[in-house]
Amino acid sequence: MANFSKSTVPQFSVEVYQNEYLPEGGREVNAIVTVTSTGGGTTGRRPLTGAPAAAALPGQGPNAAVVIMVDCSGSMDYPPTKMRNARDATSAAIDTLRDGVAFAVVAGTHVAKEVYPGNGALAVADSATRAEAKNALRKLSAGGGTAIGTWLGLTDRLLASADVSIRHGILLTDGRNEHETPEDLRAALEACAGRFTCDARGVGTDWVVKEVTGIASAMLGTADIVADPAGLAADFTEMMENAMGKEVADVALRLWTPVGVEIKFVKQVAPTVEELTERRTQANTRAGDYPTGSWGDESRDYHVCVQVPEAGVGQEMLAARVSLILPAADGTSQVLSQGLVRAVWTDDMVASTSINPQVAHYTGQAELAQVIQQGLEARKSGDFDGATAKLGRAVQLAADSGNADTAKLLSKVVDVVDAATGTVRLKAKVADADEMTLETRSTKTVRVKK
């Protein structure tokens, strides 16, 4: 558990957006909860000059540990430039480490091996260890299979050896997880979940999107595709910069509900859609905690939906209380901020039928992610009518919400006849990279248009 002095904890704020009015007998209450953290240190990134990293920011340095997992399976040799790009990317990430951060590099095949520093230890970043680590990258060569669960297991053991609060992994793979069973990988993820966060990247187009996105989801990290290996260095640098900006870990979204209120779902809806409902851990009789991972200077949105008991006109109740909780090493916890979700019953039809703009927007964004995934599945299975309908609906939702990035990705898979009505035609030929990029990024959302 994290153990911070108050001076190092960023300031958190919670804002609740909802239409609290229900018709007589109405039971479903929806709210968008915006959580903002300031003072976490993601601003002021270091210029990429190749010079030694800047001194640690307050609260960073010894408070963070990072392990980079590099796929070294045989497929990384096809083409040979892929392995070289992976070494260059890892080198760039090492350059981005701040002084005082504990780190290691792991080579992943059908087994996991320590590349630097070795002997089950972590190095502490400074100009000397960064140089040694980059020199050790010459040991990275392609050969063997792929068993990602072993990579995660070794990373967990290495990170557990550090007395730090922020533990982070960066994982690169170029192929399918063929040398362990799905059950093995699932067990590894269950063992590691909550112990460190992990960003996952697929390079090229021979890997499985659901494997990579599943790893990132379980580990509360990000997932993306780097179709051209030449782009790895920039991507690794950005991932490491973001990791260095995290200031506080293990923050939980605590949802308290009164007797008679049922939680229908809790999900993150920005910057990506992430289902949290099944990740609840009981905090006490009336409250449960949902993990949110590590925070720097950033803002995220969550959709909370609860079912309240029926009530008559004029009655009102507290439907839920949302709190940001920071656990401490001694078993206590600190409330960082909180907000209230209300229910008020009215006979004013205009008030009770109005949909809050934030709720409407993110309901559409969640549907957008779902229909993209359903459409691509239908396309792969040969159900072209179903694929056309689903991807057409995705085009319509992307246009309505102003999600230009997703609209652009969709246009590489379908020909858009009329975005407003969702009229599209499937493209006869689609590049693997374009289809995988759309699938990987399908859960990325945009915020409500001002």
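Predicted, not measured: the structure shown is a model, and the values here were computed from it. Just so it is clear, the values below take in all heavy atoms, side chains as well, and ignore hydrogens, waters and symmetry mates.
Salt bridge Asp95/Lys134: present, at least one basic N to carboxylate O contact under 4.0 Å. Salt-bridge annotation for Arg280 and Asp289: absent, with no side-chain N of the basic residue lying under 4.0 Å from a carboxylate O of the acidic one. Ion pairing between a basic and an acidic side chain is recognised when a charged N comes within 4.0 Å of a carboxylate O; Lys246 and Glu298 show such pairing. The pair Lys412-Glu435 does not count as a salt bridge, with every side-chain nitrogen at least 4.0 angstrom from each carboxylate oxygen. A salt bridge is absent between Lys390 and Glu367; no separation between the charged side-chain nitrogens and carboxylate oxygens falls under 4.0 Å. Ionic pairing of Glu316 and Arg342 is present here: one or more N-O contacts between side-chain nitrogen and carboxylate oxygen are shorter than 4.0 angstrom. In summary, Asp77 and Lys82 do not engage in a salt bridge, as defined by a charged side-chain N under 4.0 Å from a carboxylate O.
Not less than 6.0 angstrom separates the ring centroid of Trp345 from the ring centroid of Tyr21.
Remark: the Ser323 side chain and the Gln338 side chain contain an N/O donor-acceptor pair separated by less than 3.5 Å. Side-chain N/O atoms of Gln373 and Ser442 include a donor and acceptor closer than 3.5 Å. A side-chain N or O of Ser401 and one of Gln365 form a donor-acceptor pair less than 3.5 Å apart. Side-chain N/O atoms of Thr421 and Asp418 include a donor and acceptor closer than 3.5 Å. Ser75 and Asp174 share a side-chain donor-acceptor pair at under 3.5 Å. A donor-acceptor contact closer than 3.5 angstrom is absent between the side chains of Thr38 and Asp297. Thr181 and Asp184 form a side-chain donor-acceptor contact under 3.5 Å, judged by distance and modelled atom types alone. Thr36 and Ser299 are linked by a side-chain donor-acceptor pair at a separation below 3.5 angstrom, with hydrogens and angles left out of the test.
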Residues Thr146, Asn177; criterion side chain to side chain donor-acceptor pair (under 3.5 Å); working and verdict: CA-CA 5 Å; Thr146 305; Asn177 195 45; 5.9 Å; no

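Around the CZ atom of Phe265, the shell of radius 6.0 Å holds more than 12 heavy atoms that belong to other residues, nucleotides or ligands. The 12-atom threshold is not exceeded at CD of Glu278, counting heavy atoms of other residues, nucleotides or ligands nearer than 6.0 Å. Summarising the local packing, NZ of Lys408 is surrounded by 12 or fewer heavy atoms from other residues, nucleotides or ligands at distances under 6.0 Å. Heavy-atom contacts from other residues, nucleotides or ligands closer than 6.0 Å to CG of Leu318 number more than 12.
Residue Leu22 comes nearest to Glu28 through the heavy atom pair CD2-O, 3.3 Å, listed as atom of the first residue, atom of the second, then distance. The two residues Cys192 and Met219 have their closest heavy-atom pair at O-CE, 3.5 Å. The two atoms that bring Ala93 and Met240 nearest to each other are O-CG, 3.4 Å, heavy atoms only. Nearest heavy atoms, Arg87 versus Leu140: NH1-O, 2.7 Å. For the residue pair Val106 and Val115, the shortest heavy atom distance occurs at C-CG2, 4.2 Å. In terms of heavy-atom proximity, Val261 sits nearest to Arg286 at O-NH2, 4.3 Å.
How far CZ of Arg167 is from CG of Leu158: 12.0 Å, rounded to the nearest 0.5 Å. Rounded to the nearest 0.5 Å, atoms OG (Ser337) and CG (Leu326) are 13.0 Å apart. The structure places CG of Asp199 at 7.5 Å from CG of Asn242, a figure rounded to the nearest 0.5 Å. The structure places CG of Leu137 at 8.0 Å from CD1 of Ile68, a figure rounded to the nearest 0.5 Å. A distance of 10.5 Å separates CE in Met69 from OG1 in Thr150, rounded to the nearest 0.5 Å. The OG1 atom of Thr388 sits 10.5 Å away from the CZ atom of Arg425 when rounded to the nearest 0.5 Å.
Applying the ring-ring contact (aromatic ring centres under 6.0 Å, His included) criterion to Phe103, with sequence neighbours excluded, gives Tyr116. For Arg321, there are no salt bridge (Lys or Arg N to Asp or Glu O under 4.0 Å) partners two or more places apart in sequence or in a different chain. By the salt bridge (Lys or Arg N to Asp or Glu O under 4.0 Å) test, Asp383 pairs with no residue at all, sequence neighbours left out.
Relative ring orientation between His110 and His179 is described as tilted, the plane-to-plane angle lying within the 30° to 60° band.
Partner of Arg201 under the side-chain contact (heavy atoms from CB on, under 4.5 Å) criterion, out of Ile225, Thr440, Asp71, Thr222: Thr222 alone. The residue from Glu275, His303, Glu274 that alone fulfils the side-chain contact (heavy atoms from CB on, under 4.5 Å) condition with Gln268 is Glu274.
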